Amino acid sequence: MENNHLQNWINKRKERRNSLTADSLVDRLRNGDREALATAITLIESTRSEDLKLANAIIDACLEVKNDSIRIGITGVPGVGKSTFIEAFGKFLAEKQLKIAVLAIDPTSQATGGSILGDKTRMQELSQLKNVFIRPSAAGQTLGGVARKTRETIHLCEAAGYDIIIIETVGVGQSEIMVHSMVDFFMLLMLSGAGDELQGIKRGIMEMADALVITKSDGDNSKNALSAAKEYAGALHLFPPKPSGWTTPCFTCSAIENKNIDKAWEHIEKYISKTHQNGWFSANRSKQDQFWLQESLKEMILADFFQSDAWKNEYNLMENKVTNGEISAFTAAELLYTTYKKSRK
Ligand code: GDP
């Protein structure tokens with residue numbers, strides 16, 4: 001009995017300490033303390049359950065802070081010019097006295113331990129600016145995990161007063177879909193190529209884009225870039241109308257010569273105003289909230305399933321049976337799930 005009492009007291013103190021720390025961190029990050037913001041993000045990225053508890057308290061507190069932020073997704077194949085574009089675009093926005101956060105989702109870090117987005121020194125000038133916060137992708141997690149944590153980090157940045165949240169990802173598949181489901185405006189950067197432009201990019205990704213930007217439109221490449229833009233603009237006409245009521249523009253830009261960086265912003269402003277008027281902006285954010293609720297739930301259920309060693313053994317057994325052709329993948333899944341359900345009762 002005494003022990004219980006003591007444990008309760010310790011738990012209560014722990015809770016109080018945690019909530020105090022969460023409160024003080026939130027206070028500090030709301031007051032523009034970048035170190036506090038970075039610490040809070042590190043807690044979100046942690047796998048320790050104590051840290052995550054604290055992180056959840058921080059996120060909840062941050063959600064209460066109202067902010068009219070704009071979330072912009074930027075994607076494109078490696079080498080298309082994402083970081084150069086973001087550097088120019090970020091500087092352009094910073095001159096407008098806007099606060100900018102740049103977050104990255106790197107789908108390669110989990111597989112290779114390295115990263116496409118993080119290795120080189122990127123956006124050096126932008127990172128020096130007072131109103132700019134740049135955070136590379138969390139490492140060592142599944143893409144779903146990295147994406148979910150980035151989505152949570154958006155809330156922190158918004159509470160910290162960032163007006164523009166840029167989420168950058170490499171265009172290699174699933175990661176664009178994740179980014180698309182956490183931003184208001186999704187921008188696809190593309191290279192002008194030799195004739196076969198339309199084949200390189202998946203149709204689905206093009207269809208999701210709210211703007212197609214042909215990069216490196218300078219010097220000898222200007223002409224190619226312009227004709228690529230024309231070709232893509234033609235292709236865009238073939239897509240069905242967007243539920244947002246927005247017509248996707250296609251234009252060229254040169255980040256190195258600072259050409260048409262303002263155009264990108266003009267389009268975003270128009271898009272935001274239009275979708276605020278027609279209700280899409282908030283409807284889309286609600287839909288995204290629902291999506292992330294489901295994603296988080298799925299992740300928790302999966303983690304719960306795979307956490308115990310008993311399950312790992314059972315799973316490996318079934319996996320062997322499936323790969324040996326003894327039973328179908330579907331039957332194995334059903335058997336595993338039925339036993340799992342029984343074990344939970
Ligand atoms: P990322 O991998 O998509 O982030 O691409 P980077 O921004 O690192 O750019 C890849 C290469 O393209 C670098 O050598 C850049 O200097 C070059 N590049 C980027 N933007 C432009 C541009 O507007 N014009 C020209 N000529 N080169 C560019």
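Indexing begins at 1, ligand by ligand and atom by atom, following the structure's order. From a predicted model like this one, the values you see are computed outputs, not experimental measurements.
In terms of heavy-atom proximity, Val80 sits nearest to Lys216 at O-CE, 3.5 Å. Between Leu52 and Leu43, the closest heavy-atom pair is CD2-O, 3.9 Å. Between Phe133 and Arg34, the shortest heavy-atom contact is CE1-O, 4.2 Å.
When only interatomic distances are considered, the shortest N/O to N/O separation between Phe85 and ligand 1 does not fall below 3.5 Å. Distances between N or O atoms of Glu168 and those of ligand 1 include no value under 3.5 Å. Below 3.5 Å of separation, one finds no N or O of Pro78 facing any N or O of ligand 1. Ligand 1 has no N or O atom lying under 3.5 Å from any N or O atom of Ser217, backbone or side chain. Considering backbone and side-chain N/O atoms, Gly81 comes within less than 3.5 Å of an N/O atom of ligand 1.
Counting heavy atoms closer than 4.0 Å to ligand 1, residue Val80 contributes atoms from both its backbone and its side chain.
Using a 4.0 Å cut-off to heavy atoms of Lys82, the atoms of ligand 1 that qualify are 1 (P), 2 (O), 3 (O), 4 (O), 5 (O), 7 (O). Listed by atom number, the atoms of ligand 1 under 4.0 Å from Ser254 heavy atoms are 23 (O). Set against the non-hydrogen atoms of Val77, the atoms of ligand 1 under 4.0 Å away are 3 (O).
The option from Thr75, Asn258, Thr84 that lies nearest to atom 7 (O) of ligand 1, judged by heavy atoms, is Thr84.
Residue-ligand proximity: Gly79 is placed with a non-hydrogen atom under 4.0 Å from ligand 1.
Counting non-hydrogen atoms of neighbouring residues, nucleotides and ligands closer than 6.0 angstrom, the CZ atom of Arg135 exceeds 12 such neighbours.
When the side-chain hydrogen bond (donor to acceptor under 3.5 Å, both in side chains) test is applied to Asp218, the partners found at least two apart in sequence or on another chain are Ser254.
When only modelled atom types and interatomic distance are considered, Ser181 and Gln288 share no side-chain donor-acceptor pair under 3.5 Å.
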Return a table of donor-acceptor pairs under 3.5 angstrom between the side chains of residues 327-340 and protein atoms on other chains or two or more places apart.
residue, atom, partner, partner atom, Å
Ser328, OG, Phe330, N, 3.4
Ser328, OG, Thr331, N, 3.0
Ser328, OG, Thr331, OG1, 2.8
Thr338, OG1, Glu334, O, 2.6
Thr339, OG1, Leu335, O, 2.6
Tyr340, OH, Asp304, OD2, 2.5

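Side-chain contact check for Val213 versus Cys253: some heavy-atom pair is nearer than 4.5 Å.
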